[in-house]
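Below is one structure, written out as structure tokens; comments come after it.
Basis for what follows: all heavy atoms, side chains included, without hydrogens, waters or symmetry-related copies.
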Amino acid sequence: MRLNSKLILAIWGLSGGLLTAAPALAQSEMDLLLFEKKNETSAPAIEVDVKDTLTGNLAKSSAAPKKDSTEENTQTAEEDSGESENWLKSLITGGKKKSADSEADTAMSDEEEEELRKLVVSQRKNAAHFDISGIKLRMTPEEVFRTLEAQGYKRIVQNMEIPNFIKWRCEELCRQHGVIGFERLNACATRVASENGYNFVNHETYNRYSTKESIDVNYSSSFTGNLAHRIFYQSSVPLSDSKASNRVYINNLKIYDFWRRIDLKYGPPDNTSEVKWGLGGKKPYMKARTGSLELVDPLLKDLDTARMFNEDTRLANTNYYTF
């Protein structure tokens with residue numbers, strides 16, 4: 001009986017230990033399965049060579065390439081970069097092609113280029129409408145005198161001139177009528193030229209002493225109406241040579257005021273390097289530098305020369321001989 005009770009107790013203890021160990025065994029089996037699955041996904045299987053030593057197998061396993069998450073991310077980034085690069089290249093190529101097509105479509109014809117050139121020229125300033133102290137190009141000496149006198153200018157120089165080919169012909173005519181002597185010939189030729197309208201005002205100078213300003217005006221001949229073709233303004237106000245600090249300071253103020261007034265009256269120049277306004281070519285233009293302005297009409301001067309040449313050609317057909 002005592003033996004049976006000991007046997008029962010042993011069986012009961014064994015069954016209890018199995019009951020308590022079953023959950024632990026089940027948990028251990030689950031952990032083992034998860035661990036194996038994790039090893040299969042995280043790292044490749046390591047091949048073991050039974051003929052090699054333990055150190056050799058470990059060296060092979062460490063040298064085997066491992067494809068971790070960083071490499072996967074790098075590969076993904078490279079793939080994305082490759083796709084982005086291809087997309088960018090296609091975009092640039094397409095943009096260039098589109099730009100070339102647009103340039104071909106927008107290529108201007110000769111007529112359109114001419115219209116554009118005319119538009120650019122039309123934006124320039126017409127110096128024929130400019131004035132200096134109220135006087136303009138193609139004014140007569142009388143108009144210049146009245147305009148400048150009203151502003152306080154005084155005429156200090158007036159030069160009269162006769163074209164040389166007219167003067168020489170008049171001198172020859174006076175000789176034929178018995179006039180001799182240099183002074184008498186000169187006076188006779190001047191009188192004859194004036195009576196025929198060939199004596200004209202060639203140059204005048206006006207001064208305004210209170211402001212240290214002067215204006216020189218050059219005129220064309222009587223063949224083109226004796227009109228102003230060049231107006232030159234000069235001011236000695238900002239031209240002090242003193243090196244004293246106070247004089248340099250005042251001189252700089254005068255220079256600044258000069259260019260400020262230029263900008264207010266005429267606007268920015270059409271040619272900034274030469275400080276020049278005008279339509280170009282033979283059109284009137286104006287040039288400026290500190291303290292001076294020059295307004296010129298080249299076309300009027302050329303026209304005057306051409307008309308004098310035509311008159312000389314006409315007078316050359318004179319019958320000196322009767323045979």
Side-chain angles (χ1 to χ4, degrees), residues 125-163 190 193-194 197-242 247 250-271 274-279 283-305:
K125 299 176 181 64
N126 188 355
H129 302 301
F130 285 8
D131 72 273
I132 298 176
S133 297
I135 58 175
K136 297 182 178 181
L137 293 170
R138 304 202 177 193
M139 273 189 170
T140 63
E142 292 77 15
E143 292 173 335
V144 171
F145 176 77
R146 290 195 301 267
T147 302
L148 292 180
E149 188 181 39
Q151 300 185 49
Y153 281 89
K154 300 296 182 182
R155 184 169 62 190
I156 60 174
V157 174
Q158 185 184 61
N159 293 330
M160 307 295 293
E161 187 171 330
I162 301 171
T190 300
S194 298
Y198 293 120
N199 198 11
F200 63 93
V201 179
N202 180 55
H203 170 259
E204 289 182 326
T205 299
Y206 292 84
N207 271 359
R208 187 160 68 177
Y209 297 101
S210 60
T211 56
K212 299 180 180 179
E213 295 173 293
S214 66
I215 296 178
D216 289 275
V217 186
N218 294 88
Y219 300 92
S220 64
S221 71
S222 54
F223 292 100
T224 50
N226 198 199
L227 305 177
H229 69 84
R230 178 180 177 269
I231 303 169
F232 182 76
Y233 167 90
Q234 178 72 43
S235 173
S236 60
V237 171
L239 302 178
S240 174
D241 295 329
S242 175
R247 297 306 304 166
I250 297 299
N251 200 45
N252 289 336
L253 289 181
K254 293 176 181 178
I255 293 173
Y256 168 77
D257 187 58
F258 175 82
W259 289 108
R260 182 182 65 85
R261 291 175 180 271
I262 291 292
D263 185 66
L264 289 175
K265 183 168 184 178
Y266 306 109
D270 300 314
N271 187 331
E274 298 182 8
V275 195
K276 187 176 181 179
W277 294 259
L279 300 175
K283 303 293 193 305
Y285 67 86
M286 189 184 77
K287 297 179 70 173
R289 62 179 182 177
T290 302
S292 67
L293 294 171
E294 185 180 22
L295 189 57
V296 182
D297 188 351
L299 183 61
L300 178 59
K301 183 61 178 176
D302 291 347
L303 178 62
D304 189 52
T305 303

Legend entry - Electrostatic pair R260:D257 at N-O distance under 4.0 angstrom: yes
Legend entry - Presence of salt bridge, K301 and D297, under 4.0 angstrom: no
Legend entry - Candidate pair F200 and F223, rule ring-ring contact (aromatic ring centres under 6.0 Å, His included), full reasoning: CA-CA 9 Å; F200 63 93; F223 292 100; 8.2 Å; no
Could you tell me whether the side chain of [X] and the main chain of [Y] form a donor-acceptor pair under 3.5 Å?
X	Y	value
N271	E274	yes
R208	Q151	yes
K125	P268	yes

Legend entry - Positive for side-chain contact (heavy atoms from CB on, under 4.5 Å) with I231, one of I132, V296, L293: I132
Legend entry - For V217, the option from L295, L137, I135 that meets side-chain contact (heavy atoms from CB on, under 4.5 Å): I135
Inset, instruction - Hey, can you tell me if F145 and Y206 have their rings parallel, tilted or perpendicular (30° and 60° cut-offs)? - result: tilted
Legend entry - Spatial distance of atom CD1 (I162) from atom OG1 (T190) [nearest 0.5 Å]: 4.0 Å
Inset, instruction - Determine whether the side chains of N218 and H229 contain a donor N or O and an acceptor N or O closer than 3.5 Å. - result: no
Inset, instruction - Check whether the side chains of D304 and S220 place a donor and an acceptor atom closer than 3.5 Å, and report yes or no. - result: no
Inset, instruction - Begin from the C-alpha positions of L299 and K283 and carry the test side chain to side chain contact (heavy atoms under 4.5 Å, CB included) through to its verdict. - result: CA-CA 6 Å; L299 183 61; K283 303 293 193 305; 6.0 Å; no
